[in-house]
Amino acid sequence: MKNLDSKSHVRGESIYLDDIPLIQETLYACVYDSTVAHGKLKNVDVSEAEKAKGVVKIITAKDLIGENQIGGILPDEPLFADEEVHFQGMPIALVLAETEEQARSAAKKIKTEIELLEIVTDPRVAFAKNDLIVPPKHFKLGDADKAFKTCAYVFEGRADINGQEHLYIETQGAYAVPTEQGGMRVYSSTQGPTAVQRCVSRVTALPMHQIEVDVTRLGGGFGGKEDQANAWAALCAVGTQLTKRPVKYALHRMEDMRMTGKRHPYSADYKIGLNKDLKIAAYEVVFYQNAGASADLSPPVLERTLFHCTNAYFIPNVTATAHSCRTNLPPNTAFRGFGGPQGMFVIESAIAHAAEALNVSASEIQRKNLIGDGDEFPYGQIAESEAITTWTQADAKFDFAKLQKKADEFNAENKFFKKGVALMPICFGISFTKTPMNQARSLVHVYTDGSVAVSTGAVEMGQGVNTKIAQVAARIFSLPIERIKIHTTNTLRIANTSPTAASAAADLNGHATQIACETILQRLKDVAKDLVEAQSADDVSIENGFVFRKGESTDLDWLTLVNECHMQRVSLSEHAHYATQGIHFDWSTAKGHPFAYHVYGTAVVGATVDCLRGIYTVDFVKACHDFGSSMNTSVDYGQIEGGIVQGIGWLTMEEVVYDESGRLRSNALSTYKIPDIYSVPKTIEFIPLETTRESLAIFNSKAVGEPPLMYGIGAYFAIRNAVRAFNSENSPAFDAPFTPERVLMNLYSETVKKMKV
Ligand code: MTE
Ligand code: HPA
Ligand code: MOS
């Protein structure tokens, strides 16, 4: 079944924040943000701007009625810079004007006096200054120090991986509207309506029950709106509070790119030890996360880097340490994979390093170390592993040896074009790593015309969660999908939501919906029992709009039954709660069972490099992927394709560039290149893993939002293998993304950094 939004999307009828009809008297907001990455804010002069045409009010830190603080995890992020600025793009003032143009032109008239302080953009420099967001985090399994002493081979090196701009099609934005008695309704393009509600409450000092947050859908979030939608909602809310008028702010693309954080860049040092049989006996890794100027979601992102630092491999002795380093960049934030992909890139680099030094294929080391059933992850959870199965099934279908042989033959015949092939197994844990976040609620109403309305805490952002939730209700009630309507995500209907993140929205909100529907269904059956003269409600079933007694059809239909319930004053509504069972994690020991389950898969990726020009194509990504049992292949396959392309983009062409002053140089689509239709691999092919194993996934349909992105890591290594096929002396540093410029440098430059072997 297609995504329920697909028709309205292509017709341009879907409603995003910028499509909400505006109420009279709406004001337009524009931020004036810091042009300096670090400094003392000596003076803000708004006098010229205040006199500009159409300007109604200019707000700075001193005007706030509530707290000047939006940090959700740590209180280290002022809404408006007060005494200091910490990054270029940090809001200093908010201009409210009658038109958008007036707000924007007035903002340009604001002047500031800032005394420069030292600017740090490199996480290793921040680490040397001990400027950390939180104390370091550690994972330990076995005894790596001891194990290294008995390893046949030990290799050490460094891997660097850059950030990534979310580039959701819809930029950040919010629209706040005053309601009675000093309250407000806030429309926000957010993955976390409750986070917005909490943040608005904090900066306005209004209780949460005065604040209604409503989200229809997002034009993409990708993690960028899990936390960072808050600021814009808070700014609009403050504007509304101080003017008693509706306030709207939809960011322009360059503002969004300049002012918001991105995927975290990481630098890492690794040490990998192998035995003669190529089993990895020990792994030590230290991560330096570039957190940006404040915590935002950096601590849990850092934790997930540790959770995935051994990817789909079992390594008996692991010591992993992670540092969250404060720099003068916009606070970096959640991005599809949430730190996991960075951890996985580093272990894949370590394996590639070992393979190169030992003159074996990386795939041989990968295969020999795949995690098996019953193996322990460094965080204590015991694997129910599909790693070996997905590898074997992918190999059976796609024939890795043949793909490699074809590449080798091509390389033997071609001097200036080289092909590379790489394997990329993945393993991704499903659940918020913070256990209490794994809960959700659903509100289901059956109306007297037989139609069904569902509200949950899930936010639709293109990933198809609404379609899946509608399928859940349709399946439980045995109704056609047209009878189900999924309503906006609204904090009055569903309170205290977790953000739509961690790929868990369909599992959490789908299960809550299942429980609500089953509760109503039971009431319907209790009423139907007497109507169809069944002995027990268990003898009653409802299928395709009709009531059955012991499997035999009756002439009682859905509509009649629903109305009979209502006449008998039986409730046709239910508000249900779901919490994932069996998960826990204790940071004092860094052990537990944090994930409901893992998603596995193995991809083989092929690339061709033009060795004269340094450009390349990713030719194919072929994978065996663990869907469990997909409840919607159209949606899930879309997630796989999109995730793969986004992952390839991150590791190849997308290059976030900040200069030493902390200024974003890649600040527009002209300087930040994302994949287009021509950079999509010619072949993206995948087969579902065949397994009957049960999981905690909704209807056993495993989460699919984030894991496929990590197949994209294979593109990096495929390109690297092609570069090495051109010149086997060449040993490109593990420094992603592999842009065409870097490929060219690696093909020819004498000064390329040689990897220490
Ligand atoms: N797909 C689309 N089209 N748009 C998005 O913003 N976000 C991704 C993924 N797929 C995203 C997407 C991220 S980061 C997550 S965590 C999941 O969707 C969240 O949705 P889910 O929990 O319903 O999978
Ligand atoms: N994933 C995504 N978002 C999150 C998580 C997580 O594990 N924890 C907190 N926010
Ligand atoms: Mo996704 S990074 O968990 O929003």
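Throughout, residue positions are numbered sequentially from 1 according to the sequence presented. Counting convention: from 1, in listed order, for ligands and their atoms alike.
Near Ala502, the atoms of ligand 1 lying under 4.0 angstrom from a non-hydrogen atom of the residue are 16 (S). Within ligand 1, counting atoms from 1 as listed, the ones closer than 4.0 Å to a heavy atom of Ala501 are 16 (S). If you number the atoms of ligand 3 from 1 as listed, the ones under 4.0 Å from a heavy atom of Phe335 come out as 2 (S). For ligand 3, the atoms lying closer than 4.0 Å to a non-hydrogen atom of Gly223 are 2 (S), 4 (O). Residue Gln191 has at least one heavy-atom neighbour below 4.0 Å for each of these atoms of ligand 3: 4 (O). Listed by atom number, the atoms of ligand 1 under 4.0 Å from Gly223 heavy atoms are 14 (S). If you number the atoms of ligand 3 from 1 as listed, the ones under 4.0 Å from a heavy atom of Ala501 come out as 3 (O), 4 (O). Within the listing of ligand 1, atoms 2 (C), 3 (N), 4 (N), 5 (C), 6 (O), 7 (N), 19 (C), 20 (O) sit less than 4.0 angstrom from a heavy atom of Met461. Those atoms of ligand 1 with a heavy atom of Val465 less than 4.0 angstrom away are 23 (O). Using a 4.0 Å cut-off to heavy atoms of Arg336, the atoms of ligand 3 that qualify are 2 (S). Atoms of ligand 1 found under 4.0 Å from any heavy atom of Gly220, numbered from 1 in the order shown, are 6 (O).
A cation-pi arrangement, defined by a distance under 6.0 Å to the six-membered ring centre and an angle within 45 degrees of its axis, is absent between Arg441 and Tyr578. Remark: Lys225 qualifies as a cation-pi partner of Tyr168 under the 6.0 Å distance and 45° angle criteria applied to the six-membered ring.
Proximity of a side-chain donor or acceptor of Glu165 to a complementary backbone N or O of Ser666 within less than 3.5 Å is not detected. Within the 3.5 Å criterion, the main-chain N or O of Trp650 finds no donor-acceptor partner in the side chain of Arg263. Judged purely by atom type and a 3.5 angstrom limit, Lys7 has no side-chain atom pairing as donor or acceptor with the backbone of Asp5.
The six-membered or imidazole ring of Phe377 lies near that of His598, with a centre-to-centre distance under 6.0 Å. Between Phe686 and Tyr711, the ring center distance fails the sub-6.0 Å criterion. For Tyr288 and Tyr266, the distance between ring centers is not under 6.0 angstrom. Remark: aromatic rings of Tyr637 and Phe627 are close, center separation under 6.0 Å.
Salt bridge status for Asp507 with Lys702: absent, with no side-chain N to carboxylate O gap under 4.0 Å.
When only interatomic distances are considered, the shortest N/O to N/O separation between Lys434 and ligand 2 does not fall below 3.5 Å.
With a 4.0 Å heavy-atom cut-off, ligand 1 is reached by the backbone of Ala504 but not by any atom from C-beta on. Of the heavy atoms in Lys468, none comes closer than 4.0 Å to ligand 1. Neither the backbone nor the side chain of Ala458 comes within contact range of ligand 1; no heavy atom lies under 4.0 Å.
In the candidate list Ser503, Gly221, Gly705, Ala506, Ser503 is nearest to atom 16 (S) of ligand 1, counting heavy atoms.
When Glu655, Glu654, His264 are each tested for a side chain to side chain donor-acceptor pair (under 3.5 Å) with Gln164, only one passes: Glu654.
Note on ligand 2: Leu297 sits outside its first shell, no heavy atom being nearer than 4.0 Å.
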